[in-house]
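Working notes, beginning with the structure itself.
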Amino acid sequence: MENEASLIALSKKGDKTAFSSLMSLYEKRVYNYALRMTKNPDDALDISQEIFIKLYNSIKNFREESAFSTFVFRIMVNSCNDFFKKNKKHQTIPLYYEDENEEEISLSISDETASPEKQFEQTELKELLTNAINMLSDDFREVFILKHMGGQSLEEISDILGLEVGTVKSRLSRAREKIRCTLLKDGNFSSYFSSKHMKGGGQK
Amino acid sequence: MNCKEFKKLLNDYFDGSLEKSKSEDFNKHMNECATCKAEFDFMKEMLAATAELNAQPPSNLRELVLAQISKEEKKTNNVLSFKRLSIPFSTVAAVLVLFFVSYNLLPMFSSKKSLATNQAVYNDNADRRDEKAETATAPANDTTGNAVQQDAYTAEVAKSASLYKKRLPFNSDVIFKLDLSTTYKFEAVIDGTNISALKGDTNFVLLSEISNSYCFKTKLSADELKTELAQFGFKILNYSENSVDFYGLKNSSEYGILSIIK
């Protein structure tokens, strides 16, 4: 990406216009990652700002050894993790816990869907999907968002998170499966996808 | 290929790592097995919908970031310059304000109770103050004196501003909002009540407040200013368009500095 390379070079010299253009290339992915991780637009905006300020302050340290996107997303992932450490109340309480053998133990889901208002809201596909993603533990959610919202490759995710490709693959497939199961448990979901898709059911 | 093998390849497919050599078998199984096909279709739609969850970031995100960066850079610069000077910002600012206003205010502050805390600054000008103390008792009649003061003041401000501009890289409300090419109106004497009234008046924007010194900005003309300030109990001693205006407060129990920048 020639254009990106020149923007990086200018940003290293403190050119704010170039840095602004550079931000525009990444702001959507950064903001959406922060939004899905924190589940809160206000926090997402705060963290996104923090991420870009850190990026501006550390862009001089970027060596062309790895992709710039990896550099950006590492800052992004670390900033979100720092945020979780600082704000324990935001910590996700996963609805699935993993024991050491990665055996899945489902917790009973508190029935927030009971009220008619909630049910009405949840007939929206996006909301159903968002809820299903929110139910993932942070470890699963981060790989899922990077892959299926950010469009990162397995290798890049492995670089960003410092995980083996195998671990990324395994977390991804489990994340997808959990979301699929969550959606299938919700009867309303069937109305969004044509019935032929439902034949497979929620079972493995 | 059985369903278990298909399931493995299904994950490769959505990971983006399905080998080309296996895609034929993969597709073949899907055509033969409705259950696997349904799972594939479901997952595909689910992931397509996931990608659509991407929201537009707030339109002011970049603006906020750049503003924050500029702010931090300014802060860093100031810290550096003050480290060099080894003087706290508040002290420098206060001294500068007093320095600028002293030429005009000294005659009016001959009273012992005035500006006790700033005595040090005034000590430098002690001679001048004593000299002019008498004229300060009747400044309304002292238009010639004003003109002289104005010249001295203007020269002093210009000198000081250029001196301090060289040394201080920050942009201070106190100093650099004083545009030497336009008029500003310096003056004196306030008490708490009148200043709060002035603060609440939309015609006046408070630029800075340090100790007993207040600096306001106004768009009012000299005549409007005269009327307006009279309402607040400021006694107008003298004023003229495009020159320094003096206002004094009747029965003031506490002295301070009020400067009004037009």
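The structure presented is a predicted model; accordingly, all values stated were derived computationally and were not measured.
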Working to the nearest 0.5 angstrom, can you tell me the gap between B:Arg62 CZ and A:Phe52 CZ? 9.0 Å
Check the pair B:Asn11 / A:Glu177 against side-chain contact (heavy atoms from CB on, under 4.5 Å), numbers first and verdict last. CA-CA 10 Å; B:Asn11 278 314; A:Glu177 193 55 31; over 6 Å; no
A:Leu172 vs B:Phe14 side-chain heavy atoms within contact, under 4.5 Å: no
Separation of A:Phe144 CZ from B:Leu47 CG (nearest 0.5 Å): 5.5 Å
Counting neighbours of CD on A:Glu164 that are heavy atoms of other residues, nucleotides or ligands and sit closer than 6.0 Å, is the number greater than 12? no
Side chains of B:Lys8 and A:Ser173 only: does a donor on one sit below 3.5 Å from an acceptor on the other? no
B:Glu72 vs A:Asn57, test: side-chain contact (heavy atoms from CB on, under 4.5 Å). Steps then yes/no. CA-CA 10 Å; B:Glu72 282 180 15; A:Asn57 291 332; 3.9 Å; yes
For A:Ser153, is it the side chain, the backbone, both, or neither that has a heavy atom closer than 4.5 Å to a heavy atom of chain B? neither
Using 4.0 Å as the upper bound for N to carboxylate O, is an ion pair formed by B:Glu39 and A:Arg180? yes
So which part of B:Glu63 gets closer than 4.5 Å to some heavy atom of chain A, the side chain, the backbone, both or neither? neither
Are B:Leu53 and A:Ile133 packed together at the side-chain level, in the sense that at least one heavy-atom pair is separated by less than 4.5 angstrom? yes
Mind checking side chain to side chain contact (heavy atoms under 4.5 Å, CB included) for B:Leu64 and listing every partner two or more places apart, or none if nothing turns up? A:Leu45, A:Gln49, B:Asn60
So for atom NZ, which belongs to A:Lys16, do other residues, nucleotides or ligands contribute more than 12 heavy atoms lying within a distance under 6.0 Å? yes
Engaged part of A:Tyr33 at the chain B interface, taking heavy atoms whose separation is under 4.5 Å: neither
Would B:Gln68 and A:Tyr56 count as a side-chain contact (heavy atoms from CB on, under 4.5 Å) if you check the C-alpha gap in whole Å, the side-chain angles of each, and the deciding distance to 0.1 Å? CA-CA 11 Å; B:Gln68 189 64 33; A:Tyr56 182 82; over 6 Å; no
Heavy-atom pairs under 4.5 Å with chain B, option from A:Glu27, A:Arg29, A:Glu50 with the top count: A:Glu27
Distance, nearest 0.5 Å, that separates CD1 of A:Ile53 from NZ of B:Lys71: 9.5 Å
Measure the spacing between OG1 of B:Thr50 and NE2 of A:His148 and express it to the nearest 0.5 Å. 7.5 Å
Step by step, would you call B:Asp12 with A:Lys169 a side-chain contact (heavy atoms from CB on, under 4.5 Å)? CA-CA 8 Å; B:Asp12 287 348; A:Lys169 266 184 85 75; 2.5 Å; yes
Any idea which heavy atoms bring A:Tyr31 and B:Pro58 closest together, and the distance? CE1-CD, 3.4 Å
Nearest 0.5 Å, please: how far is CG in A:Leu184 from CZ in B:Phe42? 4.0 Å
B:Phe40, part contacting chain A, at a heavy-atom distance under 4.5 Å: neither
Engaged part of A:Ile51 at the chain B interface, taking heavy atoms whose separation is under 4.5 Å: neither
Checking A:Lys147 against chain B: side chain, backbone, both or neither under 4.5 Å from a heavy atom? side chain
When rounded to the nearest 0.5 angstrom, what is the spacing between CG in A:Asn32 and CG in B:Asn54? 4.0 Å
Flag yes if more than 12 heavy atoms outside B:Lys22 fall under 6.0 Å of its NZ atom; otherwise flag no. no
